[in-house]
Amino acid sequence: ADPALAKERNCMNCHQIERKVVGPAFVDVARRYAGKPGAATLLADKIVKGGAGNWGPVAMSANPKVTPAEAQKLAAWVLAQK
């Protein structure tokens with residue numbers, strides 16, 4: 001995955017690589033989950049199903065148009081941000 005896929009799947013509407021917008025910066029997500037077992041699977045699940053309570057009061061919307069394979073690629077890419 002890369003920024004193009006993140007943009008195509010509307011991730012960049014709420015997230016940026018190095019700064020918080022509506023949701024956390026991808027580098028902050030990568031730092032929080034660095035070295036945690038199962039982090040890519042957890043994030044891929046949140047990408048598809050959405051989530052709440054991890055980064056403040058604003059919930060992450062579900063992204064049902066993102067396939068599980070794309071979600072895995074996006075999660076791996078997010079975790080690789082520094």
Side chain proximity check, [X] to [Y], heavy atoms < 4.5 angstrom:
{"X": "L79", "Y": "Q81", "answer": "no"}
{"X": "W55", "Y": "V29", "answer": "yes"}
{"X": "M12", "Y": "I17", "answer": "yes"}
{"X": "L74", "Y": "I47", "answer": "yes"}

So which atom in [X] and which in [Y] form the shortest heavy-atom distance, rounded to 0.1 Å?
{"X": "A44", "Y": "Q72", "value": "CB-NE2, 3.5 Å"}
{"X": "V66", "Y": "V48", "value": "O-CG2, 3.8 Å"}
{"X": "A39", "Y": "Y33", "value": "CB-O, 3.7 Å"}
{"X": "A75", "Y": "A40", "value": "CB-O, 3.4 Å"}

What is the distance from atom [atom1] of [X] to atom [atom2] of [Y], rounded to the nearest 0.5 Å?
{"X": "R19", "Y": "D28", "atom1": "CZ", "atom2": "CG", "answer": "12.5 Å"}
{"X": "R32", "Y": "L43", "atom1": "CZ", "atom2": "CG", "answer": "10.5 Å"}
{"X": "C11", "Y": "L5", "atom1": "SG", "atom2": "CG", "answer": "7.0 Å"}
{"X": "K7", "Y": "D2", "atom1": "NZ", "atom2": "CG", "answer": "12.0 Å"}

Review point. Backbone N or O of K65 within a donor-acceptor pair of the N63 side chain at under 3.5 Å?
Key: no

Review point. Name the one of H15, M60, Q16 that satisfies side chain to side chain contact (heavy atoms under 4.5 Å, CB included) with P24?
Key: H15

Review point. Which residues satisfy the side-chain contact (heavy atoms from CB on, under 4.5 Å) test with T67, sequence neighbours excluded?
Key: A69, E70

